[in-house]
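Right, one structure below, let's go through it.
Quick note on labels: first sequence line is chain A, next is B, and so on, each numbered from 1. Nothing here was measured: the structure is a model prediction, and the numbers come from that model.
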Protein chains: 2
Amino acid sequence: MSSVLDGLAVDPASDRAVFRQIADQLRSAIQNGRLNEGERLPSEAQLIDHYGVARMTVRNALQILETEGLTRAEHGRGVYVRKRPPVRRLASDRFARRHRKEGKAAFLVESEQAGARPDVDLIRVDEIPVPPEMGERLKHSGPVVVRSRRYSLDGAPVETATSYIPAEIARGTPITDPNPGPGGIYARLEELGHTLERFTEEVTSRMPTEAEARLLKMMPGVPVFRLVRTAFDTEGRAVEVCDTVMSADAYVLNYELPAH
Amino acid sequence: MSSVLDGLAVDPASDRAVFRQIADQLRSAIQNGRLNEGERLPSEAQLIDHYGVARMTVRNALQILETEGLTRAEHGRGVYVRKRPPVRRLASDRFARRHRKEGKAAFLVESEQAGARPDVDLIRVDEIPVPPEMGERLKHSGPVVVRSRRYSLDGAPVETATSYIPAEIARGTPITDPNPGPGGIYARLEELGHTLERFTEEVTSRMPTEAEARLLKMMPGVPVFRLVRTAFDTEGRAVEVCDTVMSADAYVLNYELPAH
DNA sequence: CAGTGGTCTAGACCACTGC
DNA sequence: CAGTGGTCTAGACCACTGT
């Protein structure tokens with residue numbers, strides 16, 4: 001019976017805790033390919049037998065790997081080496097006007113290029129007093145129209161987005177419809193005379209909240225990107241802020257910076 | 001004796017596991033300010049008494065909060081609500097030539113603006129065969145000069161960076177010195193005739209490896225940004241790739257995108 | 001020293017999966 | 001059904017902190 005555990009043992013006298021040593025050995029088995037993506041790890045019972053330790057010790061070791069995002073536990077089935085999901089690469093020109101000409105919103109265009117089936121759900125439109133953070137970004141203190149929605153690829157949720165638009169701009173326009181029409185809300189803003197000139201994006205990363213983990217069906221050990229984009233028109237006015245939370249394992253963000 | 005636990009209890013009959021209920025209650029105490037930054041949580045013993053559960057149950061609850069980055073445990077002292085560290089905001093024009101004119105490297109300039117004491121250590125310069133990923137980015141297959149270093153702010157490590165420069169460009173120049181001189185290696189590259197025209201940056205986020213967590217002295221539950229920047233000269237040639245790993249709680253990345 | 005968290009043992013019962 | 005991971009109990013000894 002050959003196994004990934006062959007020849008592996010822990011040193012109870014070591015400074016390093018036993019459960020960390022076990023985690024180290026399983027981690028390197030994953031990293032150098034003795035355990036491949038999607039393969040099952042030895043069961044808890046097997047690890048208990050092999051290392052001669054208590055169940056808690058084994059479970060602490062497995063928890064480390066799960067927290068690092070290397071494995072996922074499936075109740076009743078086993079612990080598996082996690083597969084890396086297909087990633088969505090965001091180009092720095094993804095909001096360029098030429099991509100809107102086709103009458104499609106950014107998310108749909110990119111998904112098709114990536115060969116994945118896109119989906120949008122949980123669409124909600126409201127009018128509320130502007131939240132303080134968004135008021136600062138918009139330099140606006142009146143009410144705002146809030147559009148929130150969730151995006152999925154091949155049925156897996158990857159991103160939630162919430163847009164804030166000053167109500168005086170959006171009220172009574174297709175922007176307040178669940179489906180704002182071809183080209184998305186940026187196309188509508190331009191039709192309303194707010195020709196878009198530039199966007200700023202602010203990117204942070206952290207562990208998801210419980211609510212985010214549930215909405216995005218996230219595995220433990222995966223962080224989120226928070227990306228807040230502000231759209232400015234040619235008069236320098238901020239006309240929209242979009243607050244996006246993305247499962248970080250599904251994204252690569254690309255940006256282009258000038259040298260001058 | 002008033003305490004944050006006053007009136008809190010768990011429902012053993014609930015679908016939600018007891019340790020998750022305890023975590024939920026502590027989490028909301030943190031989020032709505034009944035427990036402030038830097039304050040100590042009730043000790044394990046107090047939680048055991050209050051909820052009438054075993055120690056493992058309490059520890060599982062505390063582990064959730066630690067994984068979420070909300071608390072840190074200090075051996076022998078207690079469990080504390082984590083303070084958010086000062087963040088470093090990276091502007092999209094941080095590599096603009098005008099910022100080099102003063103003869104300072106980007107990191108030093110930004111740190112001074114932020115009012116923090118910068119530090120660079122663990123500097124290493126080597127010449128090695130190009131690693132495959134970097135070869136692709138550089139479109140280069142020969143040897144490369146590798147410069148690695150670690151940056152700290154006010155004594156706290158925040159970022160490691162490794163630069164790859166084709167050896168035919170860097171060999172025998174100040175780029176191979178531990179201290180490459182005023183303006184950093186970008187200034188040296190321009191003196192060598194490689195006027196820089198643009199940079200691309202690729203941003204991802206994930207949990208740190210063990211080695212990264214150690215080097216950056218990271219708290220559990222904090223992800224890292226990986227930022228890979230490629231510098232192109234006016235002839236369109238990639239002259240440097242810089243592979244950066246940053247403690248995500250210490251950074252906000254800002255980018256500017258054109259709309260056309 | 002007492003109080004704290006870190007590690008570990010040796011069980012128990014449960015819910016889920018696949019045969 | 002047997003095997004898996006999920007939850008929980010009730011202890012033990014240790015290392016670190018502050019008084």
Side-chain angles (χ1 to χ4, degrees), chain A residues 1 3 5 9-26 35 38-67 70-82 213 219-221, chain B residues 1 3-5 9-26 35 38-67 70-82 210 213 219-221:
Chain A
M1 249 304 291
S3 128
L5 298 179
V10 291
D11 170 13
S14 161
D15 270 355
R16 194 155 180 81
V18 172
F19 75 90
R20 290 187 202 283
Q21 295 182 50
I22 296 176
D24 291 343
Q25 295 180 3
L26 293 173
L35 276 167
E39 267 189 80
R40 218 195 81 186
L41 271 65
S43 73
E44 293 182 358
Q46 289 170 328
L47 292 168
I48 289 166
D49 286 350
H50 179 88
Y51 287 108
V53 296
R55 188 170 174 211
M56 270 306 305
T57 306
V58 160
R59 283 183 65 79
N60 279 333
L62 291 172
Q63 166 126 28
I64 291 182
L65 302 180
E66 179 139 352
T67 301
L70 292 174
T71 60
R72 67 174 185 286
E74 298 188 16
H75 197 171
R77 302 214 324 126
V79 176
Y80 293 82
V81 179
R82 191 183 287 172
M219 311 299 299
Chain B
M1 251 305 292
S3 127
V4 290
L5 298 179
V10 290
D11 171 12
S14 161
D15 270 354
R16 192 155 181 82
V18 172
F19 74 92
R20 290 187 201 284
Q21 295 182 51
I22 296 176
D24 291 344
Q25 295 180 2
L26 293 173
L35 276 168
E39 266 190 80
R40 220 195 80 185
L41 271 65
S43 73
E44 293 182 357
Q46 289 171 327
L47 292 168
I48 289 166
D49 285 351
H50 179 89
Y51 287 108
V53 296
R55 188 167 173 216
M56 269 307 305
T57 307
V58 159
R59 284 182 64 79
N60 278 333
L62 292 172
Q63 165 126 28
I64 291 182
L65 301 180
E66 179 140 351
T67 301
L70 292 174
T71 60
R72 67 172 186 287
E74 298 188 17
H75 196 169
R77 302 213 324 125
V79 177
Y80 294 83
V81 179
R82 191 182 290 172
E210 283 257 325
M219 309 300 299

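A:E66 pairs by the side chain to side chain contact (heavy atoms under 4.5 Å, CB included) definition with A:T71, A:A73, A:P220, not counting sequence neighbours. B:R72 pairs by the salt bridge (Lys or Arg N to Asp or Glu O under 4.0 Å) definition with B:E74, not counting sequence neighbours. Judged as a salt bridge (Lys or Arg N to Asp or Glu O under 4.0 Å), and not counting sequence neighbours, the contacts of B:R59 are B:E44. Under the side chain to side chain contact (heavy atoms under 4.5 Å, CB included) criterion, B:V81 pairs with B:I30, B:L35, B:L41, sequence neighbours left out. Listed by chain and residue number, B:R16, B:R27 satisfy the side chain to side chain donor-acceptor pair (under 3.5 Å) test with B:D24 (two or more places apart in sequence, or in another chain). Scored by the side chain to side chain contact (heavy atoms under 4.5 Å, CB included) test, A:D15 finds no partners at all (sequence neighbours excluded).
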Structure string for DNA chain C in dot-bracket form, Watson-Crick and G-U at under 3.5 Å, | interchain: ||||||||||||||||||.

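Looking only at side-chain heavy atoms (C-beta outward), A:Q21 and A:S14 come within less than 4.5 Å of each other.
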Per-nucleotide protein contact string for nucleotides 1-11 of chain C (B base, S sugar-phosphate only, - none; heavy atom under 4.0 Å): --BBBBBSB--

